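Letters A, B, ... are given to chains in the order of the sequence lines, protein chains preceding strands, and every chain is numbered from 1. Quantities reported herein were computed from a predicted structural model and do not represent experimental measurements.
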Amino acid sequence: MKSKELLLQNSLTKKKEVFKPINEGFVGMYVCGPTVYSDVHLGNVRTFVSFDIMYRFLLFLGYKVRYVRNITDVGHLLDDGEDRISKGARADKLEPMEVVQKYTNGFHKMMDIFNTKKPSIEPRATQHIIEQIEMVQQIIDNGYAYEANGSVYFDTLKFNEEKKCYGKLSGRVIDELLVETRDNLKNQSEKKHPSDFAIWMKAAPDHLMKWNSPWSVGFPGWHLECSVMSTKYLGETFDIHGGGNDLKFPHHENEVAQNVGACNCQPCNYWLHTNMLLMNGRKMSKSDGNTITPQQLFTGDSPHITKAYSPMVIKFFMLQSHYSSTNDLTDDGLLAAEKGYKRLMEAQKTLEGLVSKDSSAELDADINKPLDGFIDEMCDDFNTPRAIAQLFDLVTKINSLKEGHLDINKVSNSTLTRLKTDFPRYIDEVLGLTNESDGGNTAALDEVMQLVLELRQDARAEKNWGVSDKIRDALAAANITVKDGKEGSSWTMN
RNA sequence: GGUCGCGUGGCCGAGCGGUUAGGCAGAGGUCUGCAAAACCUUGUACACCAGUUCGAAUCUGGUCGCGACCUCCA
């Protein structure tokens, strides 16, 4: 475990702070998961990849992490008051839970494709209805919620008067919310104040998902589930809470209010928000055609791109920008990422073949500096773009060592061993990038290629360029690139 | 309308008072039968206008442009 301090940009204080876990060596992290009513959006991927990197790095630093990411399967209202899941169920003529299962499966599959680690706990809102009803009661008992016609609303005015913290996270002032909030929600008249929000909703007779409660047959408000499940699995106050920055208001703000209203304590010490994924400079939006699905990216079937891109290339592309900045997805950007990613993967293979006679340690510092630098950059609020720059510094060194521009014998055995251990670990364990071309290289293909390259080498020895080039061209047509180096030829699958 | 953020070289994208970000593309070179790869060298970059400072892409004010949130959203 490194002794380096980890810095986090805390949305709550708007400052970069040294991370201090509540319990030494342990981290409790909650991230708002997806609402499973349709296929995963590419934007979801960026957010969950970002938090996956944080999770991985915390583990790398030696923390024992409990990572909770929920599945929202109820309570998310549309403008017309209908539940998203119910709407999906009606549209697909399915049971609501069938909809939930279908898209949960799809979500999991996509997370696997992007090689993210599974959370420690993945709770669902509908599995915690009892706990949610209990929290509603607690909030009512504490005087921060009121019942109106079977629904229960959070009393933001009273809460703010006493706790003075409503709006702190999202930087809003409650008096302004009064003017700003549009009166287009159902049951608006039941609320005492426009900024009040439902924590329990009475269901209409034809509503598909509803449960019994002391107030009515109904369903919990959307914001409640995260308050309840984070408290249940991580405690009343835990370390890190994450989510997309579009959830800051109202979702996270209301979450804080509920937790403080119920337990009289802040839900977490550090709030981390990821920024949005854009495409061609604008937020992805289905309505104006400015959108692309992960599937389209994999197949190249979209007017926005010129070719197919693999999941790891897309992931690498995302990691080249900081999680808190917007990330603009473009074809040119993807193309550049693809080449860089391949270069990184090639260096990893090259590294395996390096051997040192251990005659001096002259170059050790040059190797160790970027190796340490990677950790330093990651410790600085998970700065993946800078960490990757350190990796590319090493790529150049590895290639120079192989080509003999740098003398491998001037690297001590212990440093070379460290390089061989840490470089792949950074790529695989911390960044979660896997070498995709490995899958195609079976042992049989290896043997065949060895033979082919030997035959070609024979032809080259006889200066029979016709045969030599014919082999190379034919292989190129089969998507195999031959490279002639000083110590013989090598090959890679494209 | 309110709140917040951003405008960096051909493209993507870090940095955020003085020191090379990095990737991709371009140019020159080394190597090579040729090619590819690799390595070395290389570029006029910080929207605009004022100001603070010995010194600003980085701080302050203004102008223009863009975006996000305020309503479901990762």
Side-chain angles (χ1 to χ4, degrees), chain A residues 14 31-35 37-38 40-51 72 76-80 82 84 167 170-173 176-177 179-182 184-185 195 222 242-251 253 273-278 281-286 316-317 319-322 324-344 346-347 350 373 377 383-393 395-406 460 463-465 468-469 472-473 476 481-486 489-492:
Chain A
K14 290 160 187 69
V31 172
C32 292
T35 304
Y37 65 98
S38 68
V40 202
H41 183 83
L42 231 206
N44 291 295
V45 173
R46 146 107 136 152
T47 296
F48 299 128
V49 161
S50 296
F51 286 111
T72 296
H76 227 150
L77 289 182
L78 297 168
D79 280 350
D80 60 6
E82 185 164 11
R84 277 181 184 277
S170 57
R172 269 153 237 262
V173 180
E176 287 170 3
L177 285 169
V179 198
E180 289 158 23
T181 310
R182 294 180 199 171
N184 62 352
L185 290 173
S195 67
W222 169 41
N245 78 178
D246 50 351
L247 292 183
K248 225 189 243 182
F249 190 88
H251 184 56
E253 191 65 65
H273 285 99
T274 56
N275 214 132
M276 298 292 100
L277 181 69
L278 310 179
R282 283 183 304 134
K283 186 178 175 180
M284 284 199 193
S285 153
K286 284 178 187 168
F316 180 72
F317 170 79
L319 295 182
Q320 279 188 295
S321 71
H322 189 80
S324 65
S325 301
T326 49
N327 185 200
D328 193 7
L329 190 86
T330 59
D331 193 53
D332 286 345
L334 251 11
L335 229 33
E338 182 171 56
K339 296 201 175 177
Y341 167 75
K342 282 187 175 164
R343 192 158 157 247
L344 191 60
E346 276 300 304
T350 303
E377 299 298 0
N383 196 326
T384 51
R386 289 188 77 85
I388 288 171
Q390 299 294 319
L391 251 26
F392 276 106
D393 184 2
V395 167
T396 301
K397 299 239 160 67
I398 289 166
N399 286 330
S400 296
L401 251 14
K402 187 209 173 195
E403 296 286 319
H405 297 120
L406 288 176
R460 293 180 72 213
K463 298 204 191 298
N464 189 344
W465 311 128
S468 150
D469 288 353
R472 189 171 62 196
D473 292 347
T481 307
V482 174
K483 296 173 198 166
D484 298 330
K486 280 205 172 96
S489 307
S490 63
W491 63 282
T492 49

> Assign A/N383 to base, sugar-phosphate, or nothing according to its heavy-atom contacts below 4.0 angstrom with the strands shown.
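Sugar-phosphate contact only.
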> What is the distance, to the nearest angstrom, from the CG atom on A/D246 to the P atom on B/A68?
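Answer to the nearest Å: 11 Å.
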> What's the closest nucleotide to the A/N399 side chain, out of B/C39, B/A35, B/G22?
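Of B/C39, B/A35, B/G22, B/C39 is nearest to the side chain of A/N399.
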> Could you state the CG-C1' distance from A/D473 to B/A36, rounded to the nearest angstrom?
12 Å
> Does A/E253 use its side chain to pair, donor to acceptor, with the backbone of A/S170 at less than 3.5 Å?
yes
> Out of B/A74, B/G33, B/A21, which nucleotide sits closest to the side chain of A/L247?
B/A74
> Does a side-chain heavy-atom distance below 4.5 Å link A/T326 with A/L277?
no
> If you only use heavy atoms from C-beta on, which nucleotide in B/A74, B/G33, B/A21 is closest to the side chain of A/R472?
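My answer, after comparing the listed nucleotides, is B/G33.
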> Tell me which nucleotide among B/C34, B/C24, B/G13 gets nearest to the side chain of A/R460.
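Taking heavy atoms from C-beta onward, the closest nucleotide is B/C34.
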> So, are A/E346 and A/K483 salt-bridged, with charged N and O less than 4.0 Å apart?
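Result for this pair is yes, salt bridge flagged.
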> For A/D484 and A/S489, test the side chains for any donor-to-acceptor distance below 3.5 angstrom and give the result as yes or no.
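Judged by distance alone, the side chains do pair up.
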> If you check the A/K283 side chain, which of B/A68, B/G13, B/C34 turns out closest?
B/A68
> Determine the contact category for A/S490: base if any of its heavy atoms lies under 4.0 Å from a base atom, sugar-phosphate if only primed atoms, P, OP1 or OP2 are that close, otherwise nothing.
nothing
> Among B/G13, B/G23, B/A74, which is the nearest nucleotide to the side chain of A/S321?
B/G13
> Using only modelled atom types and a 3.5 angstrom limit, is any donor from either the side chain of A/D484 or the base of B/C34 paired with an acceptor on the other?
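Pair found.
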> Taking the side chain as every heavy atom from C-beta outward, state whether A/F392 and A/R343 have any atom pair closer than 4.5 Å.
yes
> Compare the minimum distances between each of B/A74, B/C11, B/C34 and the side chain of A/D332, then state the nucleotide with the smallest one.
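Looking only at side-chain atoms, A/D332 lies closest to B/C11.
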> Expressed in angstrom and rounded to an integer, what is the separation of A/K402 atom NZ from B/C39 atom C1'?
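Spelled out: NZ on A/K402 to C1' on B/C39 is 12 Å.
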> So what does A/L277 touch, heavy atoms closer than 4.0 Å: a base, only the sugar-phosphate, or nothing?
base
> Please determine, for the side chain of A/H405, which listed nucleotide (B/A14, B/C39, B/A74) has the closest atom?
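Closest nucleotide among those given: B/C39.
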> Taking the minimum atom-to-atom distance to the side chain of A/R343, which one of B/C70, B/C39, B/G67 wins?
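Out of B/C70, B/C39, B/G67, the nucleotide with an atom closest to A/R343's side chain is B/C39.
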> Over how many whole Å does the gap from A/K248 atom NZ to B/A68 atom C1' extend?
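In whole Å, B/A68 C1' lies 10 Å from A/K248 NZ.
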> Please compare A/V482 and A/G33 by the position of their nearest nucleotide in RNA chain B and report the one closer to 5'.
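Upstream on the strand: A/V482.
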> Which base, if any, makes a Watson-Crick or G-U wobble pair with B/U58, both distances under 3.5 Å?
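Looking at the geometry, B/U58 pairs with no nucleotide.
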> To the nearest angstrom, how far is A/K14 atom NZ from B/U3 atom P?
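After rounding, the gap between these two atoms is 15 Å.
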> Using heavy atoms to find the nearest nucleotide of RNA chain B for A/S468 and A/N275 separately, return the residue whose nucleotide is more 5′.
A/S468
> Starting at atom CG of A/N245, determine the distance to atom P of B/A74, rounded to an integer number of angstrom.
12 Å
> Side-chain contact, heavy-atom cut-off 4.5 Å: A/V40 with A/F48?
no
> Base, sugar-phosphate or nothing for A/G43? Non-hydrogen atoms, less than 4.0 Å.
base
> A/F392 on top of B/G23's base, within under 5.5 Å and under 30°?
no
> Looking for any heavy atom pair under 4.0 Å, which part of the strands does A/D328 touch: base, sugar-phosphate only, or nothing?
sugar-phosphate
> Can you find a pair of side-chain heavy atoms, one from A/T492 and one from A/V482, that are under 4.5 Å apart?
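No, too far: nothing below the 4.5 Å cut-off.
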> Mind calculating the distance between CG (A/L391) and C1' (B/G22) to the nearest angstrom?
11 Å
> From the set B/G22, B/A74, B/A14, return the single nucleotide nearest to any side-chain atom of A/F48.
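Of the options given, the side chain of A/F48 lies nearest B/A74.
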> Should B/G1 form a Watson-Crick or G-U wobble pair with both distances under 3.5 Å, which nucleotide is its partner?
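Per the H-bond distance test, B/C70.
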> Reckon A/F316 touches a base, only the sugar-phosphate, or nothing at all at heavy-atom distances under 4.0 Å?
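Since no nucleic acid heavy atom lies under 4.0 Å of A/F316, the category is nothing.
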> Looking for any heavy atom pair under 4.0 Å, which part of the strands does A/K339 touch: base, sugar-phosphate only, or nothing?
sugar-phosphate
> Would you say A/L278 and A/L329 make side-chain contact, with heavy atoms under 4.5 Å?
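Not in contact.
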> In whole Å, what is the span from the CG atom of A/L406 to the C1' atom of B/U30?
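Taking CG of A/L406 and C1' of B/U30, I get 15 Å after rounding.
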> Categorize A/H322 for me: base, sugar-phosphate, or nothing, with a 4.0 angstrom heavy-atom threshold over every strand shown.
sugar-phosphate
> My understanding is that a pair needs two contacts under 3.5 Å, Watson-Crick or G-U wobble. By that rule, which nucleotide pairs with B/C31?
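Pairing partner: none.
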> Who does B/A45 pair with, Watson-Crick or G-U, both distances under 3.5 Å?
none
> Considering only the P atoms, how many Å lie between B/C54 and B/G65, rounded to the nearest integer?
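Each nucleotide's P atom is 35 Å from the other's.
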